[in-house]
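Below is one structure, written out as structure tokens; the observations come after it.
Whatever order the structure lists ligands and atoms in, that order sets their numbers, starting from 1.
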Amino acid sequence: MDQEQINQLKDLLSAPKKIVIVPHKNPDGDAMGSTLALYQYLKKDGHDATVVSPNDYPQFLKWLPFEEKVVKFDQQNAIAVQLIKNAEIIFTLDFNHLSRTGDMEQALKDATADFVMIDHHQQPDNYATVTYSDVHVCATCQMVYHTFEMLDATGSIDVDMATCLYTGIMTDTGSFRFRSTSSRTHRVIANLIDKGADNAFIHQQIYDANSPKRMQLLGSALNNLRVLPEFKAAYITLSQEELDAHNYEKGDTEGFVNYALSLQDTRLAMIFIENKQEGIIKISLRSEGDFSVNEMAREHFHGGGHINAAGGRSDRSMADTVDYFISILPQYKLALNA
Ligand code: 5GP
Ligand code: MN
């Protein structure tokens, strides 16, 4: 954010406002951590703030401080629509295109509020009055911390806010191991621990909440793992039938794609997950090094994201989606073997 944008944001927040804070659809740890931390700050600063999420989030996030205050657009539609209509400021966090909010998009487009975007994905859209976009930062939670720095507000960070921010940085960096993790990230994390974030407790809440059925679903996923050595690629499929057989719940497949990427000599990993209700195959893409899955997701799978982690979807059947994926690989062969 440049000085002009910081001043603009300070101006927007200089008197108590009605504020809505929005994460992307199917919010992850970074989306929920960042929106909930900002929510707490804005409340402390005297604003009337609400987090309005497009839909529900996984069980493993349902311990975050103040998550019970989140309004869900799909389940509490009338309340959510009213909040968006009345809002004077709308913060959009961890996404940069309103279509990432699914069915909530139109309500946001109709809103009269000033928008503030805080996000670290590639190619931001320009719907916001204040845009804080930085693709080099590992997590939106780290950017919210920097926003507090720019507002001279780090003194307001308490243990609950620190817990939310720590969670998003931890989940978006794969517990501080992805390339996006910088020395600055570790400095922020150190400060959050000083503010009271309990690293072992947070890790336990997120990663040690496995159910036997989820582990068995992982077994099915690993059984379906296929390797394409010629392209240094590997992929996993999960059909609706397989999900149903393991009583699939939102969040159960989180991280599965990383097993494909962990194979030796694999630079590209994909997981294809059938969603019969939406009539789509949801796709997660991961890569190592310079190979951009953001571009592959944009070009072929109606999606996007980061260089090494992106998502998208296909409207074809599972078999056709996999065939299509295999058919485009030759054009990436050189890049994948570079
Ligand atoms: P995941 O595979 O974990 O769902 O998402 C990986 C990254 O890609 C995340 O940063 C997420 O925000 C982004 N992403 C996931 N699905 C989509 C999508 O459908 N469209 C776009 N533009 N980004 C996505
Ligand atoms: Mn993120």
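Side-chain atoms of Arg187 and Asn191 include no donor-acceptor pair closer than 3.5 Å. Between the side chains of Glu242 and His246, no donor N or O sits under 3.5 Å from an acceptor N or O.
Between Phe325 and Tyr235, the angle of the ring planes goes over 60°, which puts this pair in the perpendicular group of the 30/60° scheme. A tilted orientation is assigned to the rings of His203 and Tyr207, their planes being inclined by 30° to 60°.
Here is the list of ligand 1 atoms found below 4.0 Å of a heavy atom in His306: 10 (O). Under a 4.0 Å criterion applied to the non-hydrogen atoms of Ser284, ligand 1 contributes the atoms 1 (P), 2 (O), 4 (O). Counting the atoms of ligand 1 from 1 in the order shown, those under 4.0 Å from a heavy atom of Ala309 are 7 (C), 8 (O).
Any N or O atom pair closer than 3.5 Å counts here, and His121 shares at least one such pair with ligand 1. Checked by distance only, ligand 1 and Glu254 stay at 3.5 Å or farther apart across all their nitrogen or oxygen atoms. Considering backbone and side-chain N/O atoms, Gly311 comes within less than 3.5 Å of an N/O atom of ligand 1. Close N/O approach between Leu285 and ligand 1 is not found [any backbone or side-chain N/O within under 3.5 Å].
The Mn ion (ligand 2) forms the vertex of an angle spanning OD2 of Asp172 and OD2 of Asp30; to the nearest 10 degrees it equals 80°.
When only non-hydrogen protein atoms are considered, atom 3 (O) of ligand 1 lies nearest to Arg286 NH2, 2.8 Å. Regarding atom 19 (O) of ligand 1, its nearest protein heavy-atom neighbour is Lys282 NZ, 3.4 Å.
Residue nearest to atom 24 (C) of ligand 1, selected from Gly303, Gly304, Ala31: Gly304 (by heavy-atom distance). Of the candidates Arg100, Met270, Lys25, Arg100 brings a heavy atom nearest to atom 14 (N) of ligand 1.
Less than 6.0 angstrom separates the ring centroid of Tyr332 from the ring centroid of Phe291. Taking the centre of each ring, Tyr324 and His300 come in below the 6.0 Å mark. Aromatic rings from His306 and His120 are positioned such that their centres are separated by under 6.0 Å. For an aromatic pair to be called close, the ring centres must be under 6.0 Å apart, and Tyr166 with Phe176 satisfies this.
Of all N/O/S atoms in His120, NE2 sits nearest the Mn ion (ligand 2). Note on Asp94: its N/O/S atom closest to the Mn ion (ligand 2) is OD1.
Geometrically, Arg313 does not engage Phe301 in a cation-pi contact, judged by NZ or CZ lying under 6.0 Å from the ring centre and within 45° of the ring axis. Cation-pi geometry between Lys62 and Tyr57 is satisfied (NZ or CZ under 6.0 Å from the ring centre, within 45° of the ring normal).
Looking at His97 against ligand 1, nothing comes within 4.0 Å, counting heavy atoms.
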